[in-house]
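Right, one structure below, let's go through it.
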Amino acid sequence: MTRTVTRILNRVRINSRAAVIMHDLCMVVLAWALASLLRYDFPLSPVVRESFLQTLPFVLAPQAIMLWWMGVYRGVWRFASIPDLWNIVRATVLGALAVGSLLFLVYRMEGVARSTLLLYPIFLVFLLSAPRLLYRMWKDHSFGIDVRNRKRVLILGAGRSGELLARDMLHDSDYLPVGFLDDKESLKGAKVHGVPVLGTIGDVSRVVADQNIDIVIIAMPSANSAQMRRVVGLCEQSGAAFRTLPRLQDLVSGQASLKELREVAIDDLLGREPVALDWEHIHAGLAGKRILVSGAGGSIGAELCRQIARLGAAELVLFERNEFNLYSIEMELRQGFPDLVLYGRLGDVCDASAVEHVLSTHRPEVIFHAAAYKHVPILEAQTREAVHNNVLGTKTFALAADRHGCATFVMISTDKAVNPTSVMGTSKRIAEIFCQNLNRRSATHFITVRFGNVLGSAGSVVPLFQKQIAAGGPVTVTHPQITRFFMTIPEACQLIMQAGVMGRGGEIYVLDMGEPVSITYLAEQMIRLAGKVPGEDINIVYTGLRPGEKLYEELFHAQENLAGTEHKKIMLAQCREMDWKLLNGMITEMEHACAAYDEAALRDLLKKLVPELSEIGAGDVNNNVVNLTRRVT
């Protein structure tokens, strides 16, 4: 069946091409006839007829060759444009020169007037281009087509993206572009493909009402989050349904096309200006290297693996203790990157034997350590598990990397490690301290990357809100004043890779994450994007801060002497030294306390290693609420 359809389509294409060629040859005959007749003031005498018939073969042959050679038949009438007109002009002029040369050689120009050779290309350019132009105009403006059942569209943004979108819709879409809105003064009263610019972006509500708009499309793929928040707010006020084009980075990377309309996502509103990363430097630092990712099946680990695979790693080792997560990311990578040398290895960073085996077998040159426990309330009641995985697991993995000559070890940390109020944040801060101090005693470069919340990661607030909204609410927020920094998973992974190639060891790299976002605002926007009204369709309920939770997060400590780097959006927090013998002694005590499951001893050790914790009063929810509320107000 498929082969039959393919044959039919091929025949249609062949027949269409043949019809175009026949049309053009007829136009050549007509142009030569008009040029000949005009020269003699249109008397159809036997002499003129005989001269026309004798010379016609010497006109058709060279002109047909020139039309084919200049690529006139590669153009599609449906999308005829200036390049197609230019091809016609070139083919016609060269054809006329070839015709004149041939007639001179054969007939010495006897019976052929010079004016005929001058008029012929003028007539032919018109006769070849006019039908193409008329056909495109007919298609573009849907002459004769019933547009009553098409959705009336208002396009926000009359730039290149909006223009291309309108042109596609005018062709054969179910949508009918009624007008544009754009803030550029120069576009007032202008028309794009015959579609008028009806005002500025602020006129959305008025135009939606006046023009009976069915859907508003935001054609602003390069808009930043602040601009998107304004535009989305105006669309919500208008009451019309709205969609947006893919983001600019997705269009550039080829992950999306201009025709793919989608709903506005929460990361459109919370994202920031993309970090200007040095991709050439990243590629040079990672391409052709043996790379291992721990926690490869998690949100960050899996995206890291995808981006590393695109960069052309010589070998990629996935180290993951969750069997299903390992299976999922391994299958995805094998399908998407069939030439990648890939190894999926089950293992736990806390298992010294497993770590030793995987590092001795594969000898990675670069390690990205993404394996960690990260859920604050769960770990607050399970200090032993947080310490065992986040501290002792990192120590085991880092020391093994040092023994096996790994060049770079990138530890992925969190903003919760700064002035921590939770067991989770404190455990990650101790892991930072260990890697920073080990760096001074190792040939391996130990680098830390610290960032805030990641949109859409497993266990993050966004998937939780989505589930609550889908269930009809309520949406639960811990505190009216709580804020968080947000970034996207791809951006977090790009920062991690940038740090891995630019670091020289011992650094803590921090992303300038812009302004923190109110979680209440996040909840309200997600409810609105779901087509609901906050407080009416879905309620927001405040439940109180959870154990270990802060009202706001910080990206660096006051004593870390924040400095800039060559990248405007990436900052460097200087590490704080600690006595190596003391540090190892206390971590050894942690190992004993973990073996004995002595959580009280572990909490005491956390406070000793991270004095900032004891200043806040870790584990005391009431103290957290009181102290942090004072700091916010």
Side-chain angles (χ1 to χ4, degrees), residues 151-159 161-162 165 169 175-183 197-248 260-272 455-456 461-477 480 483-484 486 488 514-542:
K151 292 183 178 179
R152 295 173 63 82
V153 175
L154 177 65
I155 301 175
L156 305 189
S161 298
L165 182 65
M169 288 181 173
Y175 300 98
L176 176 66
V178 173
F180 289 94
L181 294 182
D182 199 291
D183 287 335
V197 178
L198 300 174
T200 63
I201 302 294
D203 297 323
V204 173
S205 295
R206 175 185 62 79
V207 175
V208 165
D210 292 347
Q211 299 293 330
N212 195 24
I213 298 297
D214 296 309
I215 185 170
V216 177
I217 295 179
I218 305 169
M220 304 164 61
S222 60
N224 59 34
S225 59
Q227 292 169 331
M228 282 297 292
R229 285 196 292 268
R230 171 181 174 254
V231 172
V232 168
L234 292 169
C235 291
E236 288 171 344
Q237 292 174 15
S238 73
F242 58 93
R243 296 289 184 271
T244 186
L245 296 180
R247 289 180 293 272
L248 183 62
E260 296 177 16
L261 297 180
R262 62 177 178 83
E263 293 185 352
V264 176
I266 191 64
D267 49 330
D268 292 320
L269 307 181
L270 301 185
R272 294 164 296 100
L455 286 168
V461 68
V462 171
L464 172 63
F465 285 176
Q466 288 173 335
K467 290 180 180 178
Q468 291 175 335
I469 293 168
V475 173
T476 56
V477 179
T483 62
R484 289 292 181 266
F486 283 99
T488 64
E515 294 298 319
V517 176
S518 165
I519 301 300
T520 298
Y521 171 82
L522 172 65
E524 290 173 345
Q525 287 298 325
M526 290 188 67
I527 292 170
R528 291 192 181 100
L529 291 177
K532 309 292 182 181
V533 178
E536 296 181 14
D537 301 319
I538 294 180
N539 290 322
I540 297 176
V541 175
Y542 298 100

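Because only heavy atoms are used, hydrogens play no part in the values below, and waters and symmetry mates are left out as well, while side chains stay in. Remember, predicted model here, so these are calculated numbers, not experimental data.
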Nearest heavy-atom pair of [X] and [Y]: which atoms, and what distance?
X      : Y      : result
Gln237 : Ser205 : C-OG, 3.8 Å
Ala158 : Val197 : CB-CG2, 4.4 Å
Ala219 : Gly162 : CB-CA, 3.8 Å
Glu524 : Pro534 : O-CG, 3.7 Å
Val475 : Ala523 : CG1-CB, 3.8 Å

Would the distance check show the side chain of [X] and the main-chain N or O of [Y] forming a donor-acceptor pair, the cut-off being under 3.5 Å?
X      : Y      : value
Gln468 : Thr476 : yes
Asn539 : Pro474 : no
Arg152 : Gln211 : yes

Does the side chain of [X] reach to within under 4.5 Å of the side chain of [Y], using non-hydrogen atoms?
X      : Y      : result
Val216 : Val208 : yes
Leu198 : Asp203 : no
Ser238 : Ile213 : no
Thr244 : Phe242 : no
Phe465 : Ile519 : yes
Glu236 : Gln525 : yes
Met228 : Ile218 : yes
Ile527 : Val533 : no

Please report the interatomic distance [atom1]([X]) to [atom2]([Y]), rounded to the nearest 0.5 Å.
X      : Y      : atom1 : atom2 : answer
Leu176 : Ile215 : CG    : CD1   : 13.0 Å
Leu181 : Thr200 : CG    : OG1   : 7.0 Å
Ile538 : Met526 : CD1   : CE    : 10.0 Å
Ile201 : Asp182 : CD1   : CG    : 6.0 Å
Asp183 : Gln227 : CG    : CD    : 9.0 Å

